[in-house]
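Quick note on labels: first sequence line is chain A, next is B, and so on, each numbered from 1. Being a predicted model, the structure only gives us computed values, none of them experimental.
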Amino acid sequence: MAAGVATWLPFARAAAVGWLPLAKKTMPKPPVDNSSRSDEILYVNVSGVRFQTWKNTLDRYPDTLLGSSEKEFFYNEDTQEYFFDRDPEMFRHILNFYRTGKLHYPRHECIQAFDEELAFYGIVPEIIGDCCMEEYRDRKKENQERLAEDTEANEATDAPLPPHSTSRERLWRAFENPHTSTMALVFYYVTGFFIAVSVIANVVETVPCRPPKGRVKDLPCGEKYQLAFFCMDTACVLIFTFEYLMRLFAAPSRCKFMRSVMSVIDVVAIMPYYIGLVMPENEDVSGAFVTLRVFRVFRIFKFSRHSQGLRILGYTLKSCASELGFLLFSLTMAIIIFATVMFYAEKGTKGSTFTSIPASFWYTIVTMTTLGYGDMVPNTIAGKIFGSICSLSGVLVIALPVPVIVSNFSRIYHQNQRADKMRAQQKVRLARIRMAKKGTTNAFLQYKEDRALGDPDSDNTALCVKNRSAFEHQHHHLLHCLEKTTNHEFTDEMTYSELCMTESVGFRTSRSTSLSSQQGVQNNSTGCCPRRARRRAAMRLANSTVSVSRGSVQELDTLHIKTTSIASQNRSSLNAQASDLKLNCGEPDFTAAIISIPTPPANSPDESLPSSPAPIPGILRNTRARAFTHETVKISSL
Amino acid sequence: MGAVVGTLTMQTKQRRPSTDKADDDLEMTMVCHRPEGLDQLEAQTNFSKRELQVLYRGFKNECPSGVVNEDTFKQIYSQFFPHGGERSVLFVCVCVCVCAPSTCALINMVFLPADASTYAHYLFNAFDSAHTGSIKFEDFVTALSILLRGSVQEKLQWTFNLYDINRDGYINKEEMTDIVRAIYDMMGKYTYPVLKTDAPKQHVDAFFQKMDKNRDGVVTLDEFILSCQEDENIMRSLQLFENVI
């Protein structure tokens with residue numbers, strides 16, 4: 001509703017007096033209006049910046065926050081004003097909307113921030129005035145594309161494999177993202193190599209080689225070493241066919257895959273060979289056969305899977321289809337016009353090369369693109385004049401759509417660059433975020449340590465306690481409650497890794513002990529971190545003190561003794577959850593702690609084992625796997 | 001070569017096209033009217049100072065230049081009436097109600113979109129008493145004062161002026177037909193019962209007979225006022241619009 005309507009309604013109603021003498025029926029009663037007519041000034045305080053406006057101004061749009069009774073929620077009785085804890089810069093624009101009826105989009109603001117403000121104040125973005133609507137839409141679309149791109153990129157490359165994917169899904173993933181596994185990478189490079197070999201073979205095949213004995217003329221290498229080239233070709237085609245069939249098998253949607261550009265290129269690359277095999281060596285069809293061989297050069301397009309630049313180029317050309325079409329059309333028009341003119345201008349001359357209009361097409365094209373081969377040259381003066389006009393106009397016609405194509409290419413190219421940069425920076429960003437998170441956990445661990453150490457000594461605890469803010473207190477209390485709930489404790493990464501290592505070590509040493517029940521546990525747990533354990537064992541065992549490992553082994557032995565006394569159902573749960581163990585141990589950054597070996601719940605940790613400083617690994621306990629997925633929480637210690 | 005020229009032109013394309021400044025300046029200096037002082041207006045009209053302030057604020061907001069020209073006026077007035085599918089606010093007190101059971105062609109109704117511009121034109125002329133082609137705030141407020149706070153005589157006189165399109169002091173049948181047709185135009189296509197083509201004519205016939213006392217084919221001011229005062233409905237209705245502001 002335009003502001004004008006609200007303002008002018010009283011006038012329109014007054015003008016209705018003009019209808020009265022002509023009215024056939026009596027007028028209905030006017031609506032009763034109890035609201036006070038007098039206008040008042042409202043004070044709106046947005047983060048300290050005070051705005052004042054008439055109540056009527058805000059009432060113009062009753063379906064927004066400021067125009068409805070919703071603003072009463074923000075009314076501050078003490079200061080008799082409406083307080084909003086939002087951006088005052090943005091509020092200016094919002095208030096201007098009420099005043100003028102037009103919402104403007106400030107160009108220097110972030111589009112998302114603006115959208116959020118609008119959502120808060122209950123204003124629909126569609127009413128942005130025409131002056132700013134285009135800019136707003138462009139920015140919004142760009143932003144959305146960017147975000148979609150980023151999430152897509154994240155999902156595509158860094159997403160870990162879902163645990164229960166079929167071999168088919170894994171195969172497809174390997175094909176689409178060769179960097180995920182070494183096998184895929186190897187295959188990727190092998191196919192790339194064979195594409196190169198095939199293309200080079202095609203090229204070299206036509207180079208003239210020294211003729212064999214008994215012949216005078218130079219022979220192309222293809223005919224001289226026919227068998228060799230044939231073998232090479234066969235090998236390449238076999239690889240390509242195999243690859244294509246594998247892709248076809250692995251594709252989630254076969255129809256969609258078969259329609260995609262890359263698959264068409266694949267088919268076109270291998271078809272000529274098979275057709276050549278099938279076709280007889282007949283002179284009649286050999287002409288067609290030769291044509292087919294030309295299609296072999298399409299194998300070079302297979303490189304676009306390997307090169308991103310090629311894909312960008314292809315994408316650019318596709319997105320500039322309309323400009324290219326226009327270019328083609330205008331060129332065609334110009335060619336026909338000039339060819340006709342040149343033909344008629346040169347018609348009279350003897351021995352003129354402009355034999356027909358189609359023949360003049362060649363001259364026109366060569367001239368317009370400023371090539372100027374010189375095989376066809378006008379001799380008459382009129383011909384020369386028109387020829388020069390032709391060449392000048394050629395420059396113009398070609399220059400017109402080129403900037404559009406160039407700017408499109410530049411935009412797409414930069415987008416791609418940005419995507420690559422984002423991916424590279426993402427790892428750094430994530431690492432930094434992880435470190436920050438670790439900081440909080442470390443603070444908690446430190447607090448626990450101090451508390452544990454300082455229990456007998458009341459002064460120390462008082463000091464520790466004083467140095468923490470209320471927020472930290474409450475946060476730590478929360479974590480503490482969680483510990484008590486699950487009967488496990490938080491620990492840090494080092495402890496966890498050492499525990500993992502010594503666990504495998506401990507399990508290996510315990511193999512000698514004839515605890516049959518251990519077998520299942522062992523196998524699963526060595527599966528847990530064989531790589532990691534071996535690596536760390538290689539690094540650590542050399543350095544770490546024997547006593548430490550022995551100590552931990554002893555602790556683990558006590559643990560093992562305990563496990564045997566536990567009912568079989570615990571063992572099964574152990575086996576079941578050990579797979580989780582495997583998954584998480586293998587992760588290099590320990591985002592979750594899922595160690596599960598059943599323990600007697602009766603034993604509290606502090607009593608059963610001698611307390612030791614944090615780095616020494618301790619007993620593993622039951623954990624609820626899902627609870628810790630978002631924190632850098634490790635297995636319990638102490 | 002063409003490509004080189006193309007890329008060069010792309011560089012120059014970035015520059016914004018320079019606007020013609022002269023025209024803008026001219027436009028800004030052309031119309032900017034300020035009303036007389038508040039005290040004067042208060043003396044001339046029946047509004048209080050506060051009411052004048054409120055009115056002026058709304059007026060100035062819509063027309064920062066201080067005057068309303070006919071197109072703007074038509075646009076504003078059209079917002080209140082159904083306009084062939086566009087958004088608008090339906091004026092609550094639409095008074096005309098047709099009950100003619102004749103079977104005329106509906107085709108005319110199809111080609112008659114709701115059009116408030118004709119009536120707005122007449123209204124504009126009624127407001128623009130000085131015939132300057134634009135309504136200033138004084139005109140606006142004066143007319144409103146009459147319509148909302150004036151005496152019955154004044155109101156009826158104003159209405160007579162509205163109907164008297166050519167300002168000759170008489171309303172003839174054509175003028176009244178024009179006005180009535182303009183009013184019916186505002187109704188638009190979608191009415192119940194369906195509007196017939198001769199509805200305005202019948203309407204005029206009925207009322208003109210009533211008003212033209214001496215049957216001379218024109219209605220003078222006195223005849224008009226007299227016939228209106230005789231009609232109780234009209235007298236009662238005139239009181240309805242007093243609390244609009």
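- Contact of B:Leu238 with chain A is made through backbone and side chain together, with heavy-atom distances under 4.5 Å.
- Other residues, nucleotides and ligands contribute at most 12 non-hydrogen atoms within 6.0 Å of the OH atom of A:Tyr413.
- Of the two parts of B:Phe160, neither the backbone nor the side chain holds a non-hydrogen atom closer than 4.5 Å to a non-hydrogen atom of chain A.
- Heavy-atom neighbours of B:Gln229 CD from other residues, nucleotides or ligands within 6.0 Å: above the threshold of 12.
- The two residues A:Ala15 and B:Leu123 come nearest to each other via the heavy atoms CB-CD2, 3.7 Å.
- To the nearest 0.5 Å, atom CD of residue B:Gln53 and atom CH2 of residue A:Trp54 are 6.5 Å apart.
- Atom CD of B:Glu232 has 12 or fewer heavy atoms from other residues, nucleotides or ligands within 6.0 Å.
- Contact of B:Phe208 with chain A is not made at all, since no heavy-atom distance falls under 4.5 Å.
- In summary, of the residues considered (B:Leu147, B:Leu148, B:Ile146), a side-chain contact (heavy atoms from CB on, under 4.5 Å) with A:Val17 occurs for B:Leu147 alone.
- For A:Phe361, the CZ atom is densely surrounded, since the number of other residues' heavy atoms within 6.0 Å is greater than 12.
- Atom CG of A:Asp130 has 12 or fewer neighbouring heavy atoms from other residues, nucleotides or ligands inside a 6.0 Å radius.
- B:Tyr77 places a side-chain heavy atom less than 4.5 Å from the side chain of A:Phe11.
- Heavy atoms of B:Val141 lying under 4.5 Å from chain A are absent altogether.
- Neither the backbone nor the side chain of B:Tyr122 has a heavy atom closer than 4.5 Å to any heavy atom of chain A.
- Annotation: B:Lys213, atom NZ; neighbour count of heavy atoms from other residues, nucleotides and ligands within 6.0 Å is above 12.
- Heavy atoms of other residues, nucleotides or ligands lying less than 6.0 angstrom from CZ of A:Arg418 number more than 12.
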